Each structure stands twice: as structure tokens, then as C-alpha cells.
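Here's the structure we're looking at; comments come further down.
Computed from a predicted model, the values in this text were never measured in an experiment.
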Amino acid sequence: MAIERTLILVKPDGVKRGLVGEVVARIERKGFTLEAMELRTLEREKAEEHYAEHADRPFFGELVDFITSAPLVAMCVSGEGAIAGMRTLMGATNPLEATPGSIRGDFATQIGENIVHGSDGTESAQRELGIFFPGRF
Ligand SMILES: Nc1nc2c(ncn2[C@@H]2O[C@H](COP(=O)(O)OP(=O)(O)OP(=O)(O)O)[C@@H](O)[C@H]2O)c(=O)[nH]1
Ligand SMILES: [Mg+2]
């Protein structure tokens with residue numbers, strides 16, 4: 001398994017609920033490396049680019065409204081198998097189906113407010129890191 005980089009977000013719900021430390025602690029405890037971390041409110045344009053694959057879904061407007069509504073924490077996380085590894089730490093998209101012990105399984109009930117985002121493959125990781133940390137990774 002290769003060393004990978006992935007974009008992780010603590011979404012506005014996670015920041016509001018004071019879960020940044022909890023998420024970072026789990027990433028560090030697992031053995032992944034934090035390469036960059038920034039608290040920011042996302043511009044609408046960047047949010048639409050980030051979620052471009054969902055542009056035709058009925059919940060797209062809601063998704064963009066939510067992700068731009070308040071500050072989020074963006075991170076570049078690296079490590080052996082970090083892309084799939086972080087998806088496992090996060091748990092299933094629907095928190096009611098996420099395994100207890102995962103971030104979503106432990107802290108969320110609603111699909112629209114599921115605390116974290118993690119890139120789902122090498123191409124999306126590259127693309128998304130370019131949106132949040134242009135020219136850096
Ligand atoms: N309101 C609403 N939000 C949804 C629904 N499906 C997905 N989402 C949101 O859209 C985000 C992106 O969806 P996906 O990319 O399919 O799910 P994911 O890869 O597990 O989640 P991300 O890591 O956030 O990309 C999810 O994390 C949810 O917050 C839905 O049916 N309704
Ligand atoms: Mg996704």
C-alpha cells in the first residue's frame with residue numbers, strides 16, 4: 001500500500017459542536033500525519049467546485065448552503081492507505097448506518113450533517129486538495 005494524501009474536512013456542524021479536537025485526535029491516534037490544517041469559511045464558488053459531482057442531485061443547493069454556512073476545518077492527511085483508511089475512520093455516509101466506533105457512527109444521526117468529509121479516491125484527493133490548498137500538494 002502506497003503513502004497517500006487525502007482531503008479531510010470537519011464540516012460546519014462538527015466545528016459548531018466542538019468536535020475538531022475529537023476528529024484530529026482520532027486521525028493522530030490512528031497514525032496518519034497532518035500535513036496542513038486551516039479553519040475557514042468556504043466561498044460558494046469553491047463549494048460548488050468541491051461538490052461538482054453532485055451538481056444534478058436534488059440536495060445540491062442544500063449541500064452548498066450548509067458547507068458555506070459557517071467555518072470548517074480543512075486538512076491534508078497523509079499515510080499508508082490514508083484515503084480508504086480515513087473513509088473507514090469516518091464511517092458510512094448515513095450516520096445511522098455508520099459503525100459505532102467510527103466518527104459518524106459515534107457523533108451523528110443526519111446524512112446532511114455527518115461531521116466529516118474525506119476524499120473517495122486518488123483522483124478526487126488530488127482534485128480536492130487543489131481546491132483547498134492550491135499549489136501545495
Ligand atoms: N441532505 C442530503 N445530503 C446528502 C444526501 N446524500 C448525501 N448527502 C450529503 O452529501 C455529502 C456528499 O455525498 P457523498 O459524496 O455521496 O458521500 P460521502 O463521500 O460519504 O461524503 P463526503 O465525504 O462528505 O463526500 C454527504 O457527506 C452528505 O453530507 C441526501 O440524500 N440528502
Ligand atoms: Mg464524497
Side-chain angles (χ1 to χ4, degrees):
M1 184 58 77
I3 300 288
E4 297 172 336
R5 287 194 176 107
T6 184
L7 176 81
I8 301 301
L9 303 177
V10 182
K11 300 186 195 179
D13 54 327
V15 175
K16 276 188 192 154
R17 289 177 55 196
L19 293 173
V20 175
E22 177 71 41
V23 172
V24 170
R26 286 170 180 235
I27 293 169
E28 293 181 321
R29 189 173 69 188
K30 178 72 176 171
F32 292 139
T33 303
L34 267 177
E35 295 204 30
M37 181 157 95
E38 186 188 20
L39 178 82
R40 65 187 280 188
T41 303
L42 197 61
E43 305 82 352
R44 198 162 182 93
E45 218 171 69
K46 296 244 180 193
E48 287 172 352
E49 194 184 346
H50 173 71
Y51 279 131
E53 65 172 309
H54 299 304
D56 297 333
R57 310 277 284 273
F59 57 85
F60 182 67
E62 219 174 283
L63 196 57
V64 171
D65 285 347
F66 172 67
I67 202 82
T68 57
S69 65
L72 53 72
V73 170
M75 294 176 251
C76 175
V77 171
S78 71
E80 192 91 5
I83 296 173
M86 277 306 308
R87 300 277 293 183
T88 302
L89 280 192
M90 287 161 46
T93 307
N94 182 347
L96 294 178
E97 289 164 11
T99 313
S102 67
I103 295 166
R104 289 164 171 170
D106 284 351
F107 296 111
T109 58
Q110 295 180 59
I111 195 163
E113 299 193 5
N114 58 5
I115 316 278
V116 280
H117 161 84
S119 307
D120 63 8
T122 48
E123 271 177 38
S124 56
Q126 269 310 110
R127 189 181 74 80
E128 293 170 2
L129 286 167
I131 295 171
F132 284 83
F133 300 105
R136 287 182 61 184
F137 298 107

Please check if the side chain of Glu38 supplies one atom and the backbone of Ala74 the other of a donor-acceptor pair under 3.5 Å.
-> no
Side-chain donor/acceptor of Lys11 to backbone N/O of Glu113, under 3.5 Å = no
Side-chain donor/acceptor of Ser119 to backbone N/O of Leu7, under 3.5 Å = yes
Any Phe66 side-chain heavy atom under 4.5 Å of Asp13 side chain | yes
Is it true that a side-chain atom of Asn114 and a backbone atom of Thr93 form a donor plus acceptor pair closer than 3.5 Å?
-> yes
Are side-chain heavy atoms of Phe133 and Glu35 found at a separation under 4.5 Å?
-> no
Sub-4.5 Å side-chain heavy-atom contact between Glu128 and Leu9 = no
Do the rings of Tyr51 and His54 sit parallel, tilted or perpendicular, given the 30° and 60° boundaries?
-> tilted
Say whether, by atom type as modelled, one donor and one acceptor occur between the side chain of Thr99 and the main chain of Ser102 under 3.5 angstrom.
-> no
Of all heavy-atom pairs between Gly118 and Arg87, which one has the smallest distance, and what is that distance?
-> O-NH1, 3.0 Å
Please check if the side chain of Asp106 supplies one atom and the backbone of Gly101 the other of a donor-acceptor pair under 3.5 Å.
-> yes
Measure the shortest side-chain to side-chain distance between Arg5 and Val77 over non-hydrogen atoms and say whether it is less than 4.5 angstrom.
-> no
With a 4.5 Å heavy-atom cut-off, do Arg136 and Leu129 have their side chains touching?
-> no
